[in-house]
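Proteins get letters first, then strands, A, B, ... in listed order; numbering begins at 1 in each.
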Amino acid sequence: MGEGFGKGCHLHLIDGSAFIFRAYHALPPLTRKSDGMPVGAVSGFCNMLQRYVDGNNGPDAPTHVAVIFDKGSHTFRNVLYDQYKANREEMPEDLRPQIPLTREATRAFNIACEEIEGFEADDIIATLAVQARDRGGRVTIISSDKDLMQLVGDGVEMLDAMKNRRIDREGVIEKFGVPPEKVVDVQALAGDSVDNIPGAPGIGIKTAALLINEFGSLEELLDRAEEIKQPKRRQTLIDKREQIEMSRSLVELDADTPLDFTLEDLEVRDPDPEKLLEFLAQMEFRTLTKRISEKLGVEAPVVPEPKPEAANPGEVAVEEPPIDPDRYEWVRDRTALDAWIEKIIAVGRVAVDTETNSLNEMRAELAGICLSVEPGEACYIPVGHKTGASGDLFGSDELAEGQLPLDEVLDALRPVLADDAVLKIFQNAKYDCKVLARYGVEVAPIDDTMLLSYALHAGEHGHGMDTLSERYLRHTPIPIKTLLGSGKSAITFDRVPIDEAVKYAAEDADITLRLWLRFRPMLHQRKVTAVYETLERPLVPVLAAMERAGVKVDRETLSRMSHAFAQKMAGLEAEIHELAGRSFNVGSPKQLGEILFDEMSLEGGKRGKTGAYATGADVLEDLAAVGHDLPARVLDWRQVSKLKSTYTDALQDHINPETGRVHTSYVQAGANTGRLASTDPNLQNIPVRSEEGRRIREAFVADEGKVLLSLDYSQIELRILAHIAGIDTLKAAFRDGQDIHAMTASEVFGVPMDAMTPEIRRQAKAINFGVIYGISGFGLARNLRIPRGEAQDFINRYFERFPGIRAYMDDTKAFAKEHGHVVTLFGRKIHTPEINARGPRASFAYRAAINAPIQGTAADIIRRAMIRMPEAIAGLPATMLLQVHDELIFEVAQDKVDETINAARAVMEGAAEPLVKLDVPIVVDAGQGANWAEAH
DNA sequence: AAATTCACG
DNA sequence: GACGTACGTGAATTTC
């Protein structure tokens with residue numbers, strides 16, 4: 001033992017509970033490999049201790065140190081107030097078993113570890129701090145807990161280890177507006193929602209500090225409460241005196257905790273390397289064990305390596321040769337090609353991949369085709385490679401050596417590709433099928449590893465070849481960049497030297513086949529065969545046909561609008577600069593934020609995480625509403641700018657010169673819920689909500705003698721919600737064809753239907769949508785721009801009136817937590833891997849899990865309609881062109897409009913059947929016109 | 001490449 | 001103890 005504690009000594013007191021919680025929330029839920037014990041918080045805790053110890057050198061190093069923990073949940077404060085900390089959530093299940101381990105960790109670092117039954121850590125810290133101070137020593141409390149700030153002063157400081165910021169007397173005044181000795185008085189008034197300390201209702205820290213500074217102390221304030229001018233505040237202080245005084249006793253720390261140890265026991269000790277490393281090894285912290293053993297100059301104990309995980313748990317490993325690009329074959333003559341075709345027919349399946357000179361399926365020209373029949377056996381048949389790939393600036397259009405003629409290859413392959421008895425396997429079949437179709441080659445039947453993965457793993461990960469190969473084959477494919485380069489100097493695939501192309505291209509076919517071998521049997525095991533066979537596979541040719549058809553877009557109309565928008569923008573820009581007093585880039589949120597909140601010093605400037613002011617539409621609207629002209633003009637400018645750049649300008653570039661039409665591409669495996677996505681260009685977000693924007697739809701026109709037809713599902717998601725959650729009132733309303741939002745308003749707000757106002761209906765509509773999105777008080781409040789409490793009241797009343805909705809939400813959450821996925825009415829599984837995470841990520845996952853079955857079921861229904869549509873309209877001069885989530889757009893000869901509507905509507909309204917019989921009617925509205933604006 | 005904003009259902 | 005929030009998308013633009 002060293003000398004007694006006294007002058008010159010420096011005591012560090014670490015708030016152990018704060019360390020634990022911070023560690024727990026900062027790290028993903030790690031488990032110990034050998035037995036699955038959760039150890040994430042312990043790991044973080046050790047890292048924090050290690051960092052703390054490392055930082056302790058130099059003149060300011062502590063002479064004494066202890067980590068202080070809470071022990072027991074019942075303390076003297078619970079006797080004072082039975083609601084003390086009553087709103088605390090239960091400790092998470094996976095944290096509880098880690099608590100004793102953090103004590104062990106502390107001892108392993110050879111740091112004093114102190115706790116006393118029935119006392120909070122804060123009281124022990126207070127007691128030690130006071131003792132140390134009284135004996136002339138310095139104290140640093142390592143915590144950012146504001147409850148400890150009352151201890152600061154006279155050589156006692158706090159240190160926020162996270163921000164590495166010391167908090168002294170000045171810091172406390174900054175935080176509380178009063179010096180440390182009056183912090184308790186302020187806290188007594190302000191209360192604390194975290195610890196459930198009531199305080200004085202309606203008084204926060206700011207007001208409390210004001211009052212205490214004015215009256216000098218809490219006692220004085222309460223005694224002279226009559227003198228307060230504000231009537232409400234005066235009354236509160238008089239009425240709630242008892243509650244405020246009790247709050248004070250709750251927040252005041254007890255510096256007389258009976259200790260069973262002394263300050264001398266806390267003397268800093270060097271860690272015992274053997275003991276520390278043994279603990280770390282036992283926890284199986286590899287990195288930390290290594291780092292600390294290096295630091296201490298000791299050999300690291302052996303931590304057992306975990307067994308490598310099987311690529312797919314539950315899967316039998318497939319015996320396959322390694323992926324070796326040098327083994328692939330370059331097919332350069334007819335004999336070789338015929339041998340491959342013979343092999344394909346014998347096996348009855350082949351993985352196919354086409355290489356082209358463009359990613360645009362409507363323009364791409366074939367460079368070559370690759371085939372694979374068995375893992376490790378693949379070939380590349382080049383047909384369009386040009387000479388002069390490198391060195392020659394312009395290349396040359398001369399065909400390179402060693403290629404069969406394109407026509408000969410296609411003629412030879414055509415029968416196999418159309419052969420019912422030969423399955424053609426692709427990764428993203430739609431792309432290859434569209435390219436081949438342009439060469440007059442039909443491909444059927446097909447399988448698609450991307451869609452297999454989508455049916456199996458939606459929500460778990462992406463479904464691109466690279467992702468799948470790395471995840472399921474533990475192999476990183478040759479990056480296409482190594483062949484094509486990137487940026488300006490990038491070349492197209494038809495200019496890649498053939499010997500290199502063989503390795504890359506054939507590898508893709510090899511990988512596709514290997515993925516197929518794994519995924520195919522998994523469909524049954526995971527019970528998603530029906531999803532794949534009825535919702536995915538048959539949709540491929542339907543989408544391919546829609547994309548190839550394209551929609552006619554009138555360039556003149558767009559061009560005229562572009563010019564009008566440009567003029568309007570210029571006018572607005574001049575006005576904006578005038579109002580700002582100087583010129584700046586209106587398109588730059590950063591510059592705009594500085595103008596608004598720094599130069600013009602408008603209220604409400606909030607900075608985002610990057611430090612820039614937020615200038616979103618909601619912010620600007622609030623400013624405009626209080627009479628500021630500049631933000632109002634910027635909103636106008638932004639609207640016009642968006643319409644011009646994204647729509648009238650960009651859309652013109654997408655008009656295919658050969659067809660005069662715009663050919664979007666649908667991403668079938670993009671959205672986790674089963675929805676499609678539309679890209680290049682996105683035709684699912686063409687403006688409609690604003691009058692000005694809607695006019696862009698006038699540019700989407702029908703060919704001569706034809707009209708555009710739009711059929712859309714009415715309120716499909718709410719109908720599905722009513723069915724799934726089993727809400728009789730809602731179901732009846734839909735059956736009776738009532739206004740569903742007005743009905744909701746009537747039920748929730750108690751307003752009779754004949755007294756309904758548009759405003760009340762609007763609020764009910766927002767709640768209805770909110771429910772579909774996994775409602776929260778915060779979200780609804782923001783949407784309706786009402787106080788959060790009011791929004792919460794709405795929600796509560798809604799749940800009271802429709803208890804089935806809450807039951808649905810609870811059940812869905814529980815299902816997701818148990819199974820890791822949710823499921824649509826048609827069996828589509830949407831995985832929710834983050835549902836058991838913690839913090840904001842879990843909240844996201846929760847809301848997504850609520851929404852997914854509803855959005856996903858709607859997506860399934862329209863998919864079923866689309867798949868049946870070609871046959872239903874087969875005899876009609878009608879083409880299905882576009883899908884916008886709940887809407888299908890057709891182009892049809894003028895004289896067959898009614899017949900088409902009848903046929904298409906029947907398919908859409910009956911799309912759920914026979915698999916699912918909904919308790920609510922499905923209603924489809926129809927519109928027609930020369931352009932999309934008229935048809936919608 | 002990331003962040004911000006905004007268009008749609 | 002502290003934090004961030006309606007669900008699902010794609011594209012243009014600015015900024016780093």
Would you say [X] reaches [N]'s phosphate, i.e. side-chain N/O to OP1/OP2 under 4.0 Å?
X	N	answer
Thr615(A)	dT5(B)	yes
Arg782(A)	dA6(C)	yes
Asn682(A)	dC8(B)	no
Ser588(A)	dT15(C)	yes
Arg847(A)	dA6(C)	no
Gln591(A)	dT15(C)	yes

Classify [X] by what it touches in the nucleic acid, base, sugar-phosphate, or nothing, heavy-atom distance under 4.0 Å.
X	value
Gly774(A)	nothing
Ala677(A)	sugar-phosphate
Asn783(A)	base
Ser17(A)	nothing

Output the single nucleotide from [options] whose closest atom is nearest the side chain of [X].
X	options	result
Ala766(A)	dC8(B), dC7(C), dA6(C)	dA6(C)
Thr673(A)	dT14(C), dG8(C), dA2(C)	dG8(C)
Ile775(A)	dT5(B), dG9(B), dA6(C)	dA6(C)
Pro840(A)	dC7(C), dT15(C), dG4(C)	dG4(C)
Gln855(A)	dT5(C), dC7(C), dT14(C)	dC7(C)
Thr679(A)	dG9(B), dT5(C), dA11(C)	dA11(C)
Ala848(A)	dC7(C), dA7(B), dA11(C)	dC7(C)
His936(A)	dT13(C), dA11(C), dG9(B)	dG9(B)
Arg788(A)	dG10(C), dA6(C), dT5(C)	dT5(C)
Thr646(A)	dT9(C), dT15(C), dA11(C)	dA11(C)

When Glu536(A), Lys430(A), His463(A) are each screened for side chain to side chain donor-acceptor pair (under 3.5 Å) with Gln668(A), the one that passes is Glu536(A)
So which one's nearest nucleotide on DNA chain C is more toward 5', Ser645(A) or Ser776(A)? Ser776(A)
If you find the nucleotide of DNA chain C closest to Asp122(A) and the one closest to Phe769(A), which residue's nucleotide is nearer the 5' end? Asp122(A)
Give the rounded distance in Å between these two atoms: [atom1] of [X] and [atom2] of [N].
X	N	atom1	atom2	value
Gln639(A)	dA7(B)	CD	P	6 Å
His831(A)	dG8(C)	NE2	C1'	18 Å
Phe778(A)	dT5(C)	CZ	P	7 Å
Phe584(A)	dT14(C)	CZ	P	13 Å
Lys644(A)	dC6(B)	NZ	P	18 Å
Glu717(A)	dC8(B)	CD	P	16 Å
Arg689(A)	dC8(B)	CZ	C1'	6 Å
Ile686(A)	dC6(B)	CD1	C1'	13 Å

Please determine, by modelled atom types, if Asp94(A) and Gln98(A) share a side-chain donor-acceptor pair under 3.5 angstrom. no
Polar contact flag, side-chain donor to acceptor under 3.5 angstrom, Gln684(A)-Ser678(A): no
Any donor-acceptor pair under 3.5 Å linking the side chain of Gln591(A) with the backbone of Asn585(A)? yes
So, Arg697(A) side chain and Ala933(A) main chain: donor-acceptor pair closer than 3.5 Å or not? no
Pairing partner (Watson-Crick or G-U wobble, both distances under 3.5 angstrom) of dT13(C): dA3(B)
Taking a pair to mean Watson-Crick or G-U wobble geometry with both distances below 3.5 Å, dG8(C) pairs with dC8(B)
Students often mix this up, so state it plainly: with edges at 30° and 60°, are the rings of Phe597(A) and Tyr613(A) parallel, tilted or perpendicular? tilted
What I'd like to find out is whether the side chain of Arg762(A) reaches to under 4.5 Å of the side chain of Leu784(A), using heavy atoms alone. yes
Pairwise [atom1] distance for [N] and [M], with rounding to whole Å:
N	M	atom1	value
dA6(C)	dA1(B)	C1'	28 Å
dG4(C)	dA3(B)	P	14 Å
dA7(B)	dA2(C)	C1'	35 Å

Separation between CD of Glu934(A) and CZ of Phe700(A), rounded to the nearest 0.5 Å: 14.5 Å
